[in-house]
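This structure is a prediction, so every number in the text was calculated from the model and none was measured.
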Amino acid sequence: MTKLWASSILLLIVMFFIPVILLRGPGAELQKEEKKIEQSCPIDIKVVGVDEPLALEEYVKGVVAGEMPIGFHVEALKAQSIAARTFALKTTNYGETPIARDVSAQVYKSKEERKKQWGKKFKENEKKLATAVQATTGDVLLYNAELISAMFFSTSNGQTEAAENFSGSDIPYLQSVDSPGDVKIAPTFEVKTEMPLKQWNEAFGIEWNADMFKSLQLIRNPTGRVQRVATSGFESNGREIREILGLRSTDFDIAFDVTNEIVIIKTLGYGHGVGMSQYGAEAFAQDGWTADKIVQHYYTGTEIKNLINLENVCLKAP
């Protein structure tokens, strides 16, 4: 009787610990991710030009595919997922208003467009895309408990731009930070273009001459970008010059070939420079940085929270 009682106790102990061992096994992380996906808020995003609203995470997949090369490191893709999700929810007020599908907001590519673009590599790329997005399901960036404007761009000139230099508004989480990897991996970090003087004059709507180029001043801010442009009879700012000439960035140099009447323009980087540099994120990912570390580097003083943990957020879902 004593032996039977002891065996029964031993059996009960083993049965108690088996579930614990199983939960700590290889499938535990997968179960955690599945639970996270199930609990994500049912927020739909209305995209201009798309007939039906899209589930938030499906929309984020389309943005990551549209905004970042699928060949990038998965941690860079995850960083883009967090930024894209945050940007979308901030811009649409958690899905209440529509969002554009082009560069005026963030580029979205449908599944059909991805199939056409990737061809035979569609299944492979789609799997990688889904892995990156699902790993960050519901994750957003906050500053002082509020969603941030998670701006991002292609390539920095070695450091990002402060929002105050770009728009005149000082935003605590959009400060200038170092982004040293862009120059190493961006395929077109430095670009030189030549423009006939006639074309230059047509763009500005006034007649420039050699003296104007000789007295031209490019006043730069601490990030190396052109803040103000001044010469005899003309003054503007770097953003306006970039728009007028269609330049890749506001970090530019201008020279004039008097003999051939050609304007020579050299630019560094690509994009407005505020927020996360995509090629910078890729460089950091290649160096072993996680997505969380990448986004918190580019968005100063922010924290990452999941939607399911934000009070009343899920109540805003339509």
Side-chain angles (χ1 to χ4, degrees), residues 60-88 91 99-109 113-114 117-118 125 129 132 141 148-163 165-167 173-193 221 223-226 238-239 241-253 265-287 289 291 294-295 297-300:
V60 172
K61 282 173 63 178
V63 173
V64 174
E67 286 285 358
M68 185 172 272
I70 194 63
F72 273 19
H73 193 288
V74 69
E75 292 300 321
L77 295 174
K78 285 159 67 175
Q80 182 67 67
S81 301
I82 297 170
R85 185 180 298 107
T86 306
F87 185 93
T91 303
I99 186 170
R101 61 177 300 172
D102 56 22
V103 292
S104 63
Q106 46 188 10
V107 177
Y108 167 80
K109 284 191 176 178
E113 290 172 319
R114 302 196 297 267
Q117 179 184 350
W118 293 334
N125 291 346
L129 176 65
L141 287 157
I148 71 167
S149 294
M151 297 175 68
F152 53 86
F153 63 100
S154 173
T155 311
S156 82
N157 64 351
Q159 54 188 321
T160 65
E161 179 66 288
N165 294 335
F166 178 75
S167 64
Y173 54 81
L174 293 177
Q175 301 296 317
S176 177
V177 298
D178 290 337
S179 188
D182 302 62
V183 63
K184 301 175 187 175
I185 68 168
T188 51
F189 177 77
E190 180 178 322
V191 174
K192 186 172 78 170
T193 57
N221 63 35
T223 72
R225 295 170 174 84
V226 176
R239 283 184 65 184
I241 298 298
R242 183 191 176 207
E243 290 170 7
I244 290 170
L245 298 175
L247 302 181
R248 291 169 58 84
S249 76
T250 54
D251 186 346
F252 55 81
D253 279 303
I265 310 160
K266 184 183 78 173
T267 57
L268 298 182
Y270 186 28
H272 51 65
V274 183
M276 184 180 74
S277 165
Q278 293 166 315
Y279 273 94
E282 169 65 2
F284 281 134
Q286 289 182 14
D287 285 343
W289 284 33
I294 291 169
V295 294
H297 170 74
Y298 284 110
Y299 304 108
T300 309

- request: Can you measure from CD (Q80) to CD1 (I294) and round to the nearest 0.5 angstrom?
  value: 11.0 Å

field: Interatomic distance, F72 atom CZ to Q286 atom CD [nearest 0.5 angstrom]
entry: 8.0 Å

CA sep, side-chain torsions, deciding dist, call: V295, L141, side chain to side chain contact (heavy atoms under 4.5 Å, CB included): CA-CA 8 Å; V295 294; L141 287 157; 3.9 Å; yes

Q278 side-chain N/O to M68 backbone N/O, donor-acceptor pair under 3.5 Å: no

task: May I have the step-by-step check of side chain to side chain donor-acceptor pair (under 3.5 Å) for S104 and D102, ending in yes or no?
output: CA-CA 5 Å; S104 63; D102 56 22; 2.4 Å; yes

- prompt: Do any N or O atoms from the side chain of E161 and from the backbone of S176 form a donor-acceptor pair under 3.5 angstrom?
  reply: no

Beyond-backbone contact of D251 with T267, side-chain heavy atoms, under 4.5 angstrom: no

- prompt: Which distance, rounded to the nearest 0.5 Å, do you find between the CD1 of I265 and the CZ of R242?
  reply: 13.0 Å

message: Could you check whether R239 makes a cation-pi contact with F166, meaning its NZ or CZ is under 6.0 Å from the centre of the six-membered ring and within 45° of the ring axis?
response: yes

- request: Would you mind reporting whether S156 and Y298 have side-chain heavy atoms less than 4.5 Å apart?
  value: no

message: Are the side chains of R225 and N157 in contact, using a 4.5 Å heavy-atom criterion?
response: yes

- prompt: Should the ring pair H272 and F153 be called parallel, tilted or perpendicular, given that the plane angle runs from 0 to 90° and is split at 30 and 60?
  reply: tilted

field: Minimum side-chain heavy-atom gap K109-R101 below 4.5 Å
entry: no

message: Centre-to-centre under 6.0 Å for Y270 and Y279, is that the case here?
response: no

task: Return the set of residues passing ring-ring contact (aromatic ring centres under 6.0 Å, His included) with F152 (not counting sequence neighbours), or none when no residue passes.
output: none

task: Using distance alone, with no hydrogens and no angle criterion, decide if D182 and S277 have a side-chain donor and acceptor under 3.5 Å apart.
output: yes

- prompt: What pair of heavy atoms forms the shortest contact from A132 to V74, and how long is it?
  reply: CB-CG2, 4.0 Å

- prompt: Any side-chain heavy atom of F252 within less than 4.5 Å of one from V191?
  reply: no

message: Is the shortest side-chain heavy-atom distance between V64 and L129 below 4.5 Å?
response: yes

Closest non-hydrogen atom pair between T155 and A186, with its separation: CG2-CB, 3.6 Å

query: Can you check whether A65's main-chain N or O pairs, donor with acceptor, with Y108's side chain at less than 3.5 Å?
result: no

field: Salt-bridge criterion met for K184 and E282 (N-O under 4.0 Å)
entry: no

task: Check A105 against I99 and note the closest heavy-atom contact, atom names and distance.
output: CB-CG1, 3.7 Å

query: Under 3.5 Å, is there a donor-acceptor pair linking the side chains of S154 and R248?
result: no

Interatomic spacing from OG1 in T250 to CG in L268 - rounded to 0.5 Å: 10.5 Å

- prompt: Taking atom NE2 of H297 and atom OG of S179, what is their separation to the nearest 0.5 Å?
  reply: 6.0 Å

task: Taking the side chain as every heavy atom from C-beta outward, state whether T86 and I148 have any atom pair closer than 4.5 Å.
output: yes

- line: Residue set satisfying ring-ring contact (aromatic ring centres under 6.0 Å, His included) with H73, at least two apart, ordered chain then number -> none

query: Can you tell if the side chain of Y299 reaches within under 4.5 Å of the side chain of M151, non-hydrogen atoms only?
result: no

message: Testing the basics here: between A285 and E75, what is the closest heavy-atom pair and its distance to 0.1 Å?
response: CB-CB, 4.0 Å

query: A162 and T223: which non-hydrogen atoms are nearest, and at how many Å?
result: N-CG2, 4.4 Å

- prompt: What is the distance from atom CG of L247 to atom NZ of K266, rounded to the nearest 0.5 Å?
  reply: 13.5 Å

- request: Write down the atom of A150, the atom of A83, and the distance for their closest heavy-atom approach.
  value: CB-O, 3.6 Å

message: According to salt bridge (Lys or Arg N to Asp or Glu O under 4.0 Å), who are the partners of R85, at least two apart in sequence or on a separate chain?
response: E57

